[in-house]
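Note that ligands are numbered from 1 as they come in the structure, with each ligand's atoms numbered from 1 the same way. Just so we're clear, the structure is a prediction, and the values are computed from it rather than from any experiment.
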Amino acid sequence: MSSSFLPFHQPDIGEAEIESVVETLRSGWLTTGPKAKRLESDFARYLGVRHAIAVNSCTAALHLALEAVGVREGDEVILPTMTFAASAEVVLYLKAKPVLVDCRADTLNIDAEKIAQAITKRTKAIMPVHFGGQPCDMNEIMEIARRHDLKVVEDAAHALPAQYQGKWIGAIGDATCFSFYATKTITTGEGGMVTTGNDEVAERMRMMSLHGISHDAWKRYTKEGSWYYEILSPGFKYNLTDIAAAIGIEQLKKCDELWEARQRIAMIYRNAFAKLEEIRFLAYRKDVQHAWHLFVIQLNLESLKIDRNRFIESLREKEIGASVHFIPLHFHPYYRDNFGYQRQEFPNASAAFERIISLPVYSKMTEADVERVIVAVKTIVRDYRR
Ligand SMILES: *Cc1c(COP(=O)(O)O)cnc(C)c1O
């Protein structure tokens with residue numbers, strides 16, 4: 001065991017998920033149906049939010065949410081550069097402009113002050129991304145949104161289950177988008193969920209998630225029978241299958257248990273590396289529940305003889321998988337070349353990128369696995385300290 005490769009992530013799939021899928025396959029109902037409905041109601045109840053709409057990715061959820069809150073061609077949406085491709089591309093789907101801003105140096109979450117500075121007459125929405133599963137400064141962000149009449153669509157791909165000052169992420173902004181991608185805190189292989197407390201936003205997202213077909217339309221014409229439908233808008237094909245939802249129902253039941261396992265590992269890492277001056281942690285706020293989707297360390301490069309890439313290579317040589325979240329969007333050719341973003345505009349994200357490493361943190365890790373990561377990190381630090 002101890003000589004095999006420890007992957008950066010492994011999903012926690014048990015017999016319950018497998019049986020649930022088999023049962024769904026045998027039921028004859030494969031696409032969106034009773035299982036998707038059940039996942040939606042379980043999810044809404046879990047977060048205490050009015051509406052939850054199951055979709056086939058978080059990317060789809062973000063697209064639907066921006067569309068439903070009214071982002072249109074020429075509008076601007078403010079989001080952090082320290083995020084994944086999906087957060088910004090959905091803004092472009094709507095022919096709006098993604099306005100990137102820098103992150104805070106301590107949490108790598110979007111900097112609320114930078115949001116305020118980036119607001120123009122065209123700004124329509126703010127998209128906070130709860131980096132690694134630690135909630136953004138939601139009081140400040142909601143206050144900025146209120147003052148400037150902006151919508152808040154949260155990218156909570158990392159933030160299940162997470163709380164900000166006792167409130168669930170999913171029950172704060174105008175809409176909140178979750179991912180059930182294979183590496184996320186709960187998974188359906190591919191999948192996602194969007195939550196909202198707003199009835200109109202929910203109705204719009206539900207309709208647009210399935211070709212812009214109105215369900216109410218055919219309900220009004222019950223005599224026409226179930227074959228009748230009306231297209232009210234050219235929508236999308238974003239519905240979640242019952243096969244995927246069957247996995248999600250079982251994963252959601254384990255959501256707290258999986259979180260506890262990650263939280264425990266995160267605390268072991270924090271204790272183990274606390275005295276290493278070569279390793280720095282992100283700030284860990286006490287007024288939040290961190291989902292611990294990621295455990296990110298930052299290298300103190302001044303006290304090491306190797307850079308971040310060599311550090312990750314050395315982990316790999318010790319058969320430990322690691323990753324980097326994220327290559328800031330302003331470094332990518334598309335955003336750099338089309339919007340002219342430069343690294344100096346984002347000093348915190350640019351500096352962090354050189355230093356960050358995401359270590360494995362998932363419920364399938366044994367105590368021995370956690371110990372292997374700790375020994376590997378400590379050994380590399382000892383071998384390469386200045
Ligand atoms: C994974 C991820 C997404 C996209 O999720 P999908 O379900 O794969 O579409 C969006 N934003 C962030 C920050 C992510 O990490």
Side-chain angles (χ1 to χ4, degrees), residues 8-9 11 36 39 43 52-67 77-94 98 100-101 103-104 107-110 125-136 141 152-162 169-170 173 175-195 205 209 236-241 244-245 247-248 251-252 255 262 282 290-296 323-332 335 349 352-353 356 358 360-362:
F8 173 65
H9 182 78
L39 179 59
F43 200 89
I53 296 156
V55 288
N56 57 18
S57 72
C58 181
T59 309
L62 290 164
H63 186 195
L64 288 172
L66 290 180
E67 201 276 342
V77 177
I78 298 171
L79 68 141
T81 186
M82 191 53 108
T83 189
F84 185 57
S87 320
E89 76 198 14
V90 292
V91 176
L92 292 155
Y93 291 178
L94 296 163
L100 304 182
V101 301
C103 58
R104 293 170 52 138
T107 58
L108 305 191
N109 264 330
I110 193 165
I126 304 168
M127 186 194 291
V129 179
H130 305 296
F131 180 85
Q134 172 152 252
C136 296
I141 291 168
V152 176
V153 170
E154 293 166 66
D155 180 338
H158 301 180
L160 181 75
I169 296 302
T176 307
C177 304
F178 296 91
S179 176
F180 304 148
Y181 181 65
T183 60
K184 299 291 159 68
T185 59
I186 71 169
T187 185
T188 61
E190 298 279 359
M193 189 73 78
V194 51
T195 61
M205 291 193 296
S209 72
F236 313 106
K237 183 65 167 73
Y238 284 163
N239 54 305
L240 188 74
T241 68
I247 306 171
Q251 287 272 292
L252 186 61
C255 188
R262 292 191 306 278
L282 301 186
H290 193 316
W292 296 113
H293 166 56
L294 300 176
F295 190 91
V296 175
S323 192
V324 173
H325 298 87
F326 293 96
I327 305 169
L329 293 178
H330 68 272
F331 283 137
H332 291 280
Y335 293 96
F353 172 61
I356 46 179
S358 303
V361 55
Y362 51 93

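The CD atom of Glu67 lies 6.5 Å from the CG atom of Leu94; values are rounded to the nearest 0.5 Å.
Taking His293 as the reference, His158 meet the ring-ring contact (aromatic ring centres under 6.0 Å, His included) condition, with sequence neighbours excluded. Scanning for side chain to side chain donor-acceptor pair (under 3.5 Å) contacts around Gln251 gives Glu17, with sequence neighbours left out.
Heavy-atom neighbours of Tyr362 OH from other residues, nucleotides or ligands within 6.0 Å: above the threshold of 12.
Using modelled atom types, one finds no donor on one side chain facing an acceptor on the other under 3.5 Å when comparing Thr183 with His9.
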Ligand 1 N/O to protein N/O, distances under 3.5 Å:
residue, atom, partner, partner atom, Å
ligand 1, 5 (O), Ser179, OG, 3.3
ligand 1, 7 (O), Cys58, N, 2.9
ligand 1, 7 (O), Ser179, OG, 2.7
ligand 1, 9 (O), Cys58, N, 3.3
ligand 1, 9 (O), Thr59, N, 2.9
ligand 1, 9 (O), Thr59, OG1, 2.5
ligand 1, 11 (N), Asp155, OD1, 3.3
ligand 1, 11 (N), Asp155, OD2, 2.7
ligand 1, 15 (O), His158, NE2, 2.7
ligand 1, 15 (O), Lys184, NZ, 3.2

Side-chain atoms of residues 52-62: list all donor-acceptor pairs with protein atoms under 3.5 Å, sequence neighbours left out, distances to 0.1 Å.
residue, atom, partner, partner atom, Å
Asn56, ND2, Lys237, O, 3.3
Ser57, OG, Thr59, N, 3.3
Ser57, OG, Ala60, N, 2.9

